[in-house]
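One structure below.
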2 protein chains.
Amino acid sequence: MTIRIKDVAAAAGVSVATVSRVLGNGPVSDAVRKKVEAAIEASGYRPNLSARRLRSQHTQTIGLIVSDIRNPFFTNVSRAVEDAAYEAGMRVILCNTDENPDKEAMYLRLMQEERVTGVIFAPTRQTAETLDPAGLGFPVVLIDRAGPSGLNDAVVLDNAQAAELLVEHLLEQGCRRIGGLFGKTSTTGAERHAGFVAALARRGLPAPARFLAPSLEAAEAEVARWLAEPDRPEALIASNGLVLMGVLKAARRAGVAVPDELAVAGFDNDAWTELAGPGLTVLEQPVYEIGRTAMAMLLERLARPGQVARKVVLSGRLVVRGSTRREALPVG
Amino acid sequence: MTIRIKDVAAAAGVSVATVSRVLGNGPVSDAVRKKVEAAIEASGYRPNLSARRLRSQHTQTIGLIVSDIRNPFFTNVSRAVEDAAYEAGMRVILCNTDENPDKEAMYLRLMQEERVTGVIFAPTRQTAETLDPAGLGFPVVLIDRAGPSGLNDAVVLDNAQAAELLVEHLLEQGCRRIGGLFGKTSTTGAERHAGFVAALARRGLPAPARFLAPSLEAAEAEVARWLAEPDRPEALIASNGLVLMGVLKAARRAGVAVPDELAVAGFDNDAWTELAGPGLTVLEQPVYEIGRTAMAMLLERLARPGQVARKVVLSGRLVVRGSTRREALPVG
DNA sequence: ATGAAAGCGCTAACAT
DNA sequence: ATGTTAGCGCTTTCAT
């Protein structure tokens, strides 16, 4: 049926070992290499990667486990990871967990069965805390959310600092009743919440916060409720791009003007944030770089397995736009 | 080193075949099954999928080849495909081609080496025209862009009709100088262009169009140039979500007000289109459904290989928002 | 530089 | 219902 290496060998008049060497750039004389390559070309032979992986014990596969590829942060990270992976001759298996610990466990198990070379993983808080990298059989680089103290390699944003930057900016604009919306299952959410609380506490201000599932729908519903309350906030900080969208949709539905009646700021400088409403003030993460860094760390870890775990902390950049502009805000 | 099936067999006091049967839900007595499952649990055994695939000749893997996962259309399609695939016990390999025919060929070749069960593919026009599904060794379902007459299964939008809907709407709003921006390498672009031309021709109107690479940057640059020309259009139709973003960015940079000085409409009803500017008029594709339909067609094709190729054509829905609102437009 | 042969871990005949 | 065994297609010793 399908052409195997022995068919190519027979056609070229050499042994299967020689064909294998041609395929793997092993030591073969030029004359023989030519003959073999011609036979491969003529037959349309395609090596069977399952067989190669089984025999060589190298799968050249990495797993990328995120909560939802539709979250713009992960969309961009995934593209960066795939670019870097294919450049390094690796393929990527992408998994969406929806922040569901059961799915996380299932996919981690799948990664073991695939005998992946390594995994890049954005875990929920729950999983991050209990993750034992030793028992998995492959190295893990955490992204977006770091696990507990130095057990895993990780590349993350300085989330507390980032949240503080946003709060400071709103304070400078004269806002006082500043509310925050954070993911309830992520470490990211917890860290950003901590920065949010710290920055407001320094001024002796309250830090009203809501925790929610990281989806557009959940955010929109939560914000709609919040805006209907008597002492609604004059500014809102959204912990990720999806939640930020939800804030804007809810404000629009409720007829609350941005920034006149509500200042809005959030995370992730996606293209649309420049175009929405008066332009959205956001904290930009170096998204593509996070993906490539994670991949690079994974490759380094594979090269030096004994090396101590490293955590790369990247800083965000505040991008000020109209959604928090002072002149339009209710001051005092 | 790692635990193999024979280790589990030895621990449970049975043969490897019995363990394999337990794994595959074969006929095994309850008592033995219990014993084996206990041994699996105790040892932390994980089946080696490469070995299983090699032996069984079933990879349970499908390939998803798109131009760029960051294109919101493909982001959503990919999520739908992955959901459906994992439900069917299949893995997905995602590939980004950037509409580069060389990359397309490379990934198609990779799919052969993976011995994938099937592929869902959004090809460039060039590749779509020359694609020989017979020679590939696996079934292909095309999405977004159909190939030539009935050679491949495909699920597509009625692109010409969709473009006509947008044009008709703009005509109703009183626009006359309507420009179009289309992907230069995609069949989608060509089909949408055809509908665009047809709708305008019926009114005896010119149909100025520009063809470009499907990226945010290319669109922004092209539109910036166009808006600077003397007889610039009073309305612009963008052939996909990325290009639509580019139109808006360019208009904003050039200080051209939407919709007062320029009406804007485009494809893909992403969340952000509701929030950008006055809200964007878009043609909504049933995105998630396209992904699931493609997966379903692939599974059907696998079940009935001889079946004649089918093309599922889905209709888009016009979503009217502020970016084309009549009262604000320069009439005549 | 090349070939012969073993075996990666598993499933599927075939036997019992 | 369970065991024995061959072999999926390849890479990798070990010879020569």
Side-chain angles (χ1 to χ4, degrees), chain A residues 1-37 39-40 43-61 89 109-117 137, chain B residues 1-40 43-61 89 91 109-117 137:
Chain A
M1 248 282 301
T2 117
I3 299 110
R4 297 150 322 218
I5 201 172
K6 62 147 55 157
D7 301 320
V8 175
V14 299
S15 72
V16 293
T18 297
V19 177
S20 178
R21 286 188 190 102
V22 170
L23 257 25
N25 279 315
V28 186
S29 72
D30 278 1
V32 171
R33 162 163 276 127
K34 283 241 158 51
K35 258 198 320 193
V36 172
E37 278 167 350
I40 289 174
S43 63
Y45 167 73
R46 295 287 179 274
N48 182 318
L49 291 184
S50 292
R52 176 176 290 174
R53 290 186 184 119
L54 173 59
R55 174 60 237 227
S56 70
Q57 307 282 55
H58 294 114
T59 58
Q60 304 289 68
T61 300
R109 193 185 171 117
L110 176 63
M111 295 304 103
Q112 296 183 306
E113 301 189 352
E114 292 279 1
R115 303 291 193 267
V116 293
T117 305
Chain B
M1 249 280 301
T2 116
I3 300 111
R4 297 148 324 213
I5 202 171
K6 61 148 53 159
D7 301 320
V8 175
V14 297
S15 73
V16 293
T18 297
V19 178
S20 179
R21 287 187 190 103
V22 170
L23 257 24
N25 279 315
V28 186
S29 72
D30 279 1
V32 172
R33 163 163 276 125
K34 283 242 158 50
K35 257 199 320 194
V36 172
E37 277 167 352
I40 289 174
S43 63
Y45 166 74
R46 295 287 179 272
N48 182 318
L49 292 183
S50 291
R52 175 177 289 174
R53 290 184 184 124
L54 172 59
R55 174 60 235 226
S56 71
Q57 308 281 56
H58 294 113
T59 58
Q60 303 291 67
T61 301
R91 254 72 66 200
R109 194 187 171 114
L110 176 63
M111 295 304 103
Q112 297 183 306
E113 302 189 352
E114 293 278 0
R115 303 292 192 268
V116 293
T117 304

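When reading the values below, keep in mind they use all heavy atoms of this one structure, side chains included, and skip hydrogens, waters and symmetry mates. Per chain, numbering begins at 1; letters A, B, ... match sequence-line order. Fair warning: this is a prediction, and the values are worked out from it, not measured in the lab.
Looking at heavy atoms from C-beta onward, Q57(A) lies out of side-chain contact with R115(A) at the 4.5 angstrom threshold. Between R21(A) and R33(A), the closest side-chain pair of non-hydrogen atoms is not below 4.5 Å. Considering only heavy atoms from C-beta on, I5(B) comes within 4.5 Å of L23(B) through its side chain. Using a 4.5 Å heavy-atom cutoff, the side chains of R91(B) and V116(B) are not in contact.
Distance, R21(A) CZ to dC14(D) P: 14 Å, rounded to whole Å. Protein atom CG of D7(B) is 9 Å distant from nucleotide atom P of dG9(C), rounded to whole Å. The CZ-P distance, from R55(B) to dG9(D), rounds to 10 Å in whole Å. The distance between atom NZ of K35(A) and atom C1' of dG3(C), rounded to the nearest whole Å, is 13 Å. The CG atom of L23(A) sits 16 Å away from the C1' atom of dT2(C) (whole-angstrom rounding). In this structure, CG of L54(A) is placed 11 Å from P of dT11(D), rounded to the nearest angstrom. Atoms NZ (K6(B)) and P (dG3(D)) sit 16 Å apart, rounded to a whole Å. In this structure, I3(A) atom CD1 and dC10(D) atom C1' are separated by 16 Å, rounded to whole Å.
Mapping S29(A) and V16(A) onto DNA chain C via the closest heavy atom, the residue that lands nearer the 5' end is S29(A). Nearest-nucleotide positions on DNA chain D place D30(B) closer to the 5' end than the other of R115(B) and D30(B). Comparing S50(A) and H58(A) along DNA chain D, the residue whose closest nucleotide (by nearest heavy atom) sits nearer the 5' end is S50(A).
In terms of phosphate contacts, S20(A) brings no side-chain nitrogen or oxygen within less than 4.0 Å of OP1 or OP2 of dC10(D). Phosphate proximity of dG3(C) to T18(A): present, with a side-chain N or O under 4.0 Å from OP1 or OP2. An OP1 or OP2 oxygen of dG9(D) is reached within less than 4.0 angstrom by a side-chain nitrogen or oxygen of Q57(B).
When the nucleotides dT12(D), dC10(D), dT2(C) are ranked by their closest atom to the side chain of R4(A), dC10(D) comes out on top. Comparing dG3(D), dT11(C), dT11(D) against the side chain of R52(B) picks out dT11(C) as the nearest. Distance from the side chain of I5(A) is smallest to dC10(D) among dA4(C), dT2(D), dC10(D). Of the candidates dT2(C), dG9(C), dC10(D), the closest approach to any side-chain atom of A51(B) belongs to dG9(C).
Between E113(A) and R52(B), none of the side-chain N atoms (NZ, or NE/NH1/NH2) sits under 4.0 Å from a carboxylate O, so this pair counts as no salt bridge.
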